[in-house]
Every structure is written in C-alpha cells, then in structure tokens.
Number of protein chains: 2
Amino acid sequence: MQKKNVSELNPNVSVDCVIFGFDLEKLNVLVIDRGENELAENVRLALPGNLIYNNENLEQAAYRVLEELTSLKDIYLEQIGAFGDPNRICKEADRAWLKSIRAEPEARVITVAYFSLVKMEDYMPHAASFAKNAAWIPADEIKDLAFDHYDILQAARNKLKEKIKIQPIGFNLLPEKFTLSQLHKLYESILDKELDKRNFRRKVQKLDILTNLNEKQEGVPHKPSELYKFNEEKYQELTQNGYDNFGF
Amino acid sequence: MQKKNVSELNPNVSVDCVIFGFDLEKLNVLVIDRGENELAENVRLALPGNLIYNNENLEQAAYRVLEELTSLKDIYLEQIGAFGDPNRICKEADRAWLKSIRAEPEARVITVAYFSLVKMEDYMPHAASFAKNAAWIPADEIKDLAFDHYDILQAARNKLKEKIKIQPIGFNLLPEKFTLSQLHKLYESILDKELDKRNFRRKVQKLDILTNLNEKQEGVPHKPSELYKFNEEKYQELTQNGYDNFGF
DNA sequence: TTTGAAAGTGTAAAAATGACACACAGACCA
DNA sequence: TGGTCTGTGTGTCATTTTTACACTTTCAAA
C-alpha cells in the first residue's frame, strides 16, 4: 500500500456546520445556495460543509469550513454528533450535484455536524466578505435541505435548546450591547415558547452576569431601553465556584 | 474506480461502545482485555469497537458490536459523538496492536462512540456467552485505556449524567425488581454526588413511575426492603401528556 | 436477648416559580 | 402642543419545590 499523504482529503468523512445567527427578531441559519441547475427548489439549499483533511481533527475541520465561508474566527462551536446513514445521499439531485463536483457519488460518507453561534452583525449579506452563494434564512422557514441536512438542522436546534438551558451561550448570538427585550426574544426563539416578561427579567437579574451600561437605545419610537453587556468575568467566577443554575 | 462492494469494511470509520452496568453498588464498564503481549498495563484494556460496514448505519454498527460481544439485543443505546483526532492512535502499543490485527496502522480512523446500558445480571462473567477477553471493571477504577478510549469513557459518563437528569434511563441498568436504596445508589453513582435519602425518595415517589410489588427482599441481615418495578406505561403516559420534570 | 445494619418515615424554613396589570418615555402626527 | 402609539420597566402574592435534618423499625446473626 502506498504511503499516505497526510494532507489529502479523506473520502469518507465530512463535517457540516449549522451556523446560527439572530437578527434580534428570530433565529437564522446560514445556508449555501447550490443554484438552480437541475436542482429542485427544496434541495437547492445545503449546510456548509466539506470533506476533512487527514491531518486535521474534526473540530479544526469545522472551524476551517466556517472560516472559509465567513472569514470569522474564534466562534462558538460545538459538536452535534455524527450522521452516517448509508442512504443519507439518496436524493437524485444530491447525487447529480456530487457527481458534478467530485465524481464519487458512490462513496460512503459519514458526516460530523457542528453548530456554531455567530453575531449576525459580524457577517451580513452586504459585507464584501459575504459569500455570493450564502444566505441567512430564518430557521423556521426552512422546510427541507440537501442530503440529510434538514435532520441535522433539527438536531442542532434541539442541542441548542438543551444547551441554553444550562449555559448562557446565547450571548454569542447577540451584539456586544443589547437590551433585555432582545435577550428575551432570543430565549423565546431558541426555546420555541413564550416566557413571561417579568419572570424572565427576574431570573436574568439573579444570574448576575449582566452589566448595565447606563446607556439607552436611541432613535426608537418608544421608550428607549437600557443597554447591557454580558459580563464574562462574573460568569467565569460563578461557574468556577460551582454555581450551577443558569436554567430556563 | 472499481464498483464498491457495499458490505465491505470502511477503513476510516469505526464505532466504539461504552457499555455500562450496575452491580447494585457502583457503575461498571465492559472492557476488552487485549492481553499482555507487548502491551503496557495501562493500555491492555480497550472499549469494544470495530470498523463499520459500508452498508450499515452507525447505530446498527454499534448494535452489531454490542451483540457480537454480549449476544444481547434491544439494549438502550445512545450516541455520544464523534472522536477524530488524527493522533488518537498515537500510543506505540496501540499501533503495534493494530498492525497485528489489520496491518494498517497508518489509516486515519475517526470513531463514533455510543454508550449503552445493560442489566448486568443479563451478562455476567460466569455465563457461557461471556467473552473470554471481556471484563466488567468499576468505572472509577479505570485510569487509562487504549487509544483515546479514556476520553470517550469520560464523555460517556458526562453524557449519562446529563441524560439521567432528564429521563429515567437508569432503569435500564437495574434488574426488573429493585429496591429504592438500589435506585438511590445508582443515581449517586451516576451523578457522582450524595443525594439525601428522604428527599430522593420523595422525588421518586412524586414521579409516579414505580409500581410497588408488595414483595420484600429475603435473606438480608437487616430489615428487608420493599421491591419495586419501573412502570413503563405510566412513564409513557406522563411524557406524552407533556410532563417534563424527571430531573435530579 | 442483644447487636448490627439498612429501611423507612415527616416537618419546617427557604427558595424558586408562575400568574398577573399599569405607569412611563419617547416618536410621531394632527 | 396635546394626543396617540408602542415597547419599556416594575412588584406582589400564592403555590410549589428544595433543603436540611433524626429516630424508630425489622430482620439475621451472634
């Protein structure tokens, strides 16, 4: 057997990324539009992903995919799990598309999915770096995706839901300065249920991980809201001292 | 490229299983002893696992590994995640061992780990079916394992810990009839902390998923305990009606 | 019959949760 | 300039949940 070149692509393992963003109204997902050619409407969209290189680990591969697409680094990233149904590449359109780009639609590919949380303001469609074939789509409006990516998306949403009950990772989706209402809406979007305003605020206050910036929103046609930022130091302090309950 | 035989082994993807058992005292893990030849003490033990076949999905592969080893079917099984560090096969002893069984220690293998929960009584060392090179080892006594299996074991324990806070999967580890004390000890083993006896019992009672069998332990040198069984119907009923809180 | 060992049981204080309604500040418009 | 619109921000009470804590019971074995 020939000596392997360690930096070649592994034909059997890919990573896919569910990249979440929050537009202060609802949860969005960054998807790739593969274009109209021979592709039915419902599978034009796919999650960004790629085969891994033999010399990188899975998480590195996910970061690479993310960075190649968005130029963003230091992003919150977490593994969802592996998806490896032998029939996950069963849609005819997917097979055709694969053939067009790498000519091995018969290969068994298992994929390891990651979800990442991005401040949408850092990667908006009008930015020069925004990939031409990428788009933010509201998570609720996605009805189908290529391959098994719709399943992966649902798994990602569930994982995010569970995770945010335990850790305040939601702050990765918000701008540096945000209002309590925005935070509130974020939790409602992720948990997919209404939360009582006053009870929500009480709970957040008790967590004691927000700093009031003593600034107000400007230009809004109503009473301006106070702005807050996430206080990472305080959070670290709390968790290191064994604080446990960031649950919602 | 030659036509692929779908039932061949995929050289790049394996599954490994963390099989938990509970001896009514502590949590145990089923490990494979690879024997003394050229292997340092700390890496003689490994998790059961194998390469996947190209025509089976990941979960099927995990069930296959489990059944090949224990002859057990219909076991609780859940994915932990994928582990794919390029250096996960770095220990010299592991490379030597791999060479001895399949001669491709250079191949990049990512593994998808599962944990499963087994009633230990169904698979005890003295049974005819018990694999000669397998052994139940108390989870706390395992200090190292082959490859990255020690990391996988820790991930499995964490996953189990999180899961049991949400769902009463612990019953998969107990015999059909069990005492509240045994259940109590199980939760303490998994959560790795003491739980107040009375508070624990009160909580369990409120879950209302146990049936009192109105039988007592026999032959114990102290007040005999009442025996209970897990009431699956009641559990299904509760969960389907949106009951949510099986937390500990 | 005594001893040892685990089973089983209740209460009170503190904390967390859930339900609920109105005054306020600014923008905009007539 | 006064009125309207819109989202912001705030407190309380009843209920449930959590936590901490100690003694009596039952059986086997000595």
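Labels below follow one simple rule: chain letters A, B, ... track the order of the sequence lines, proteins then strands, and each chain is numbered from 1.
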Mind checking salt bridge (Lys or Arg N to Asp or Glu O under 4.0 Å) for [X] and listing every partner two or more places apart, or none if nothing turns up?
| X | result |
| --- | --- |
| B/Lys203 | none |
| B/Lys165 | B/Glu162 |
| A/Lys26 | A/Asp23 |
| A/Lys206 | none |

Measure from NZ on A/Lys193 to C1' on C/dA19 and round the result to the nearest Å.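 So the two atoms are 15 Å apart, to the nearest Å.
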Tell me the interatomic distance from A/Glu194, atom CD, to C/dA19, atom C1', rounded to whole angstroms.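 The distance from CD of A/Glu194 to C1' of C/dA19 comes to 14 Å, rounded to the nearest Å.
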Using a heavy-atom cut-off of 4.0 Å to chain A, what are the terminal contacting nucleotides of DNA chain D, in 5' to 3' order?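 Range of nucleotides touched by chain A: D/dT6 to D/dG11.
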Excluding sequence neighbours, so at least two apart, what forms side chain to side chain contact (heavy atoms under 4.5 Å, CB included) with A/Glu59?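 Result, side chain to side chain contact (heavy atoms under 4.5 Å, CB included) vs A/Glu59: A/Asn57, A/Tyr63, A/Leu77, A/Tyr114.
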How would you list, by chain and number, every residue that makes a side chain to side chain contact (heavy atoms under 4.5 Å, CB included) with A/Gln236, sequence neighbours excluded?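 For A/Gln236, the residues satisfying side chain to side chain contact (heavy atoms under 4.5 Å, CB included) (neighbours in sequence not counted) are A/Glu232, A/Thr239, A/Gln240.
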Anything under 3.5 Å between a donor and an acceptor, one on a side chain of residues 187-195 of chain A, the other on a protein residue two or more places apart or in another chain? List them.
residue  : atom : partner  : partner atom : Å
A/Glu188 : OE2  : A/His184 : NE2          : 3.2
A/Glu188 : OE2  : A/Leu195 : N            : 2.8
A/Ser189 : OG   : A/Lys185 : O            : 2.8

If an axis is fit to five pairs at each end of the helix from C/dT1-D/dA30 to C/dA30-D/dT1, what is the angle between the two, to the nearest 10°?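 The end-segment axes of the helix from C/dT1-D/dA30 to C/dA30-D/dT1 are tilted 0° relative to each other.
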Find which nucleotide of DNA chain C each of A/Lys216 and A/Lys206 is nearest to by heavy atoms, and output the residue with the more 5' nucleotide.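 By nearest-heavy-atom nucleotide position, the 5'-most residue is A/Lys206.
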Write out all pairs satisfying side chain to side chain donor-acceptor pair (under 3.5 Å) with one or both partners inside residues 142-156 of chain A, taking only residues at least two apart or from two chains.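 For residues 142-156 of chain A: A/Asp16-A/His149, A/Asn42-A/Asp144, A/Arg88-A/Asp148, A/Lys91-A/Asp144, A/Tyr150-A/Gln154.
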Hey, does the side chain of A/Lys203 come within less than 4.0 Å of C/dA16's phosphate (OP1/OP2), counting only N and O?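 No, no such contact exists.
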Annotated protein contacts, base or backbone, on nucleotides 3-13 of chain C with a non-hydrogen cut-off under 4.0 Å, one of B, S, - each: -BBBBBBBB--
Extract all donor-acceptor atom pairs below 3.5 Å that involve side chains of residues 210-222 of chain A and protein atoms in other chains or at least two apart in sequence.
residue  : atom : partner  : partner atom : Å
A/Thr211 : OG1  : A/Asn231 : ND2          : 3.2
A/Asn212 : OD1  : A/Asn214 : N            : 2.7
A/Asn212 : ND2  : A/Glu226 : OE1          : 3.3
A/Glu215 : OE1  : A/Lys177 : NZ           : 3.0
A/Glu215 : OE2  : A/Lys177 : NZ           : 3.0
A/Gln217 : OE1  : A/Ser225 : N            : 3.1

B/Phe147 ring centre to B/Arg34 NZ or CZ under 6.0 Å, with the angle to the axis within 45°?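 Satisfied, under 6.0 Å and within 45°.
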